*Asks:* 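This is the structure I want to talk about, given as structure tokens.
These figures come from a predicted structure and were not determined experimentally. In this chain, numbering begins with 1 at the start of the sequence shown.
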Amino acid sequence: MKTLAMIFMLSYTAVTGPLIINWKKLADVEFTRKLNKEVSMYFLYPTFGPTVKALQGKEIQIKGYIIPVDENENIYVVSAQPMAMCFFCGGSGPESIMELQFKNKKQRFKTDEVRTVKGVLQLNPTDIEHLNYILKNAEVVE
């Protein structure tokens, strides 16, 4: 009986596909400014709320603006806002951007190209070398 239940759960997950979310869902987070002693700089560290914590490790799909960080190294982010208004350049918060770690490393995008991407969401509360939201095995859906 356990095997039958397990097969049903796996087939249901495969049929349902990624959770389609919007940027408002990722806003369930609070930030605290703290000193990072290793680099002697202050950073905003997140405390993820229950809505965001429930997404950890799940395959999600989200639509946003693609912003190249380093095209030669295939480093891109997806943002809730275009580049002029994104976290780096405008007034948005760190919850409005997501690091993309592509499955296919040879991606090329134009700045502010609107795309829908999917992948497995990883929450990052501490590593200052990466964004708070990371989409692993990311793929372009449309």
*Asks:* Drop me the distance from Q81's CD to I67's CD1, to the nearest 0.5 angstrom.
*Replies:* 9.5 Å
*Asks:* Among all residues two or more places apart in sequence or in another chain, which pass the side chain to side chain contact (heavy atoms under 4.5 Å, CB included) test with V140?
*Replies:* F102, Q107, F109, R115, V117
*Asks:* If you compare all heavy atoms of S96 against all heavy atoms of G93, which two are closest, and at what distance to 0.1 Å?
*Replies:* OG-O, 2.6 Å
*Asks:* I need the full list of side-chain hydrogen bond (donor to acceptor under 3.5 Å, both in side chains) pairs touching residues 28-38, with sequence neighbours left out, sorted by first then second residue.
*Replies:* D28-T51, N36-Y45
*Asks:* Under the side-chain hydrogen bond (donor to acceptor under 3.5 Å, both in side chains) test, which residues partner Q101, sequence neighbours left out?
*Replies:* E99, K136
*Asks:* Could you pull out the closest heavy-atom pair between P125 and P46, with the gap in Å?
*Replies:* O-CD, 3.4 Å
*Asks:* At their closest point, which heavy atom of M83 faces which heavy atom of D112, and how far apart are they?
*Replies:* N-OD1, 2.7 Å
*Asks:* Before you tell me yes or no, could you show the steps for F31 and E95 under side-chain contact (heavy atoms from CB on, under 4.5 Å), namely the whole-Å CA-CA distance, both residues' side-chain angles and the distance that decides it to 0.1 Å?
*Replies:* CA-CA 9 Å; F31 293 92; E95 73 281 0; 3.4 Å; yes
*Asks:* Please identify each residue that fulfils side chain to side chain contact (heavy atoms under 4.5 Å, CB included) with N124, with sequence neighbours left out.
*Replies:* T126, D127, H130, I134
*Asks:* Return the CG to NZ distance between L135 and K118, rounded to the nearest 0.5 Å.
*Replies:* 10.5 Å
*Asks:* Starting from V114, walk the hydrophobic network (Ile, Leu, Val, Met, Phe, Trp, Tyr; side-chain heavy atoms closer than 4.5 Å) and list everyone else you reach, by chain and number.
*Replies:* Y65
*Asks:* Tell me who clusters with Y42, hydrophobic residues only, linked when side chains sit under 4.5 Å apart either directly or through other members.
*Replies:* L35
*Asks:* Nearest 0.5 Å please: distance from the OH atom of Y133 over to the CH2 atom of W23.
*Replies:* 9.0 Å
*Asks:* Between L100 and I66, is any pair of side-chain heavy atoms under 4.5 Å apart?
*Replies:* yes
*Asks:* The criterion is salt bridge (Lys or Arg N to Asp or Glu O under 4.0 Å); which residues satisfy it with K103, sequence neighbours excluded?
*Replies:* E139
*Asks:* What side-chain donor-acceptor pairs closer than 3.5 Å can you find for residues 53-62, not counting sequence neighbours?
*Replies:*
unit_1, atom_1, unit_2, atom_2, d
Q56, OE1, L123, N, 2.7
K58, NZ, A54, O, 3.0

*Asks:* If the condition is side chain to side chain contact (heavy atoms under 4.5 Å, CB included), which residues does P68 pass it with, not counting sequence neighbours?
*Replies:* E71, Y76, T111
*Asks:* Treat each ILVMFWY residue as a node, draw an edge where side-chain heavy atoms are under 4.5 Å apart, and state whether L131 and F43 are in one component.
*Replies:* no
*Asks:* So which atom in M98 and which in L26 form the shortest heavy-atom distance, rounded to 0.1 Å?
*Replies:* CE-CD1, 3.5 Å
*Asks:* With sequence neighbours excluded, what pairs up with E73 under the side chain to side chain contact (heavy atoms under 4.5 Å, CB included) test?
*Replies:* D70, I75
*Asks:* Look at the side-chain heavy atoms of Ile, Leu, Val, Met, Phe, Trp and Tyr, link any pair under 4.5 Å apart, and say whether V77 and V120 land in one connected group.
*Replies:* no
*Asks:* What do the steps show when you test I128 against V39 for side-chain contact (heavy atoms from CB on, under 4.5 Å), and what is the final call?
*Replies:* CA-CA 10 Å; I128 62 170; V39 294; 3.9 Å; yes
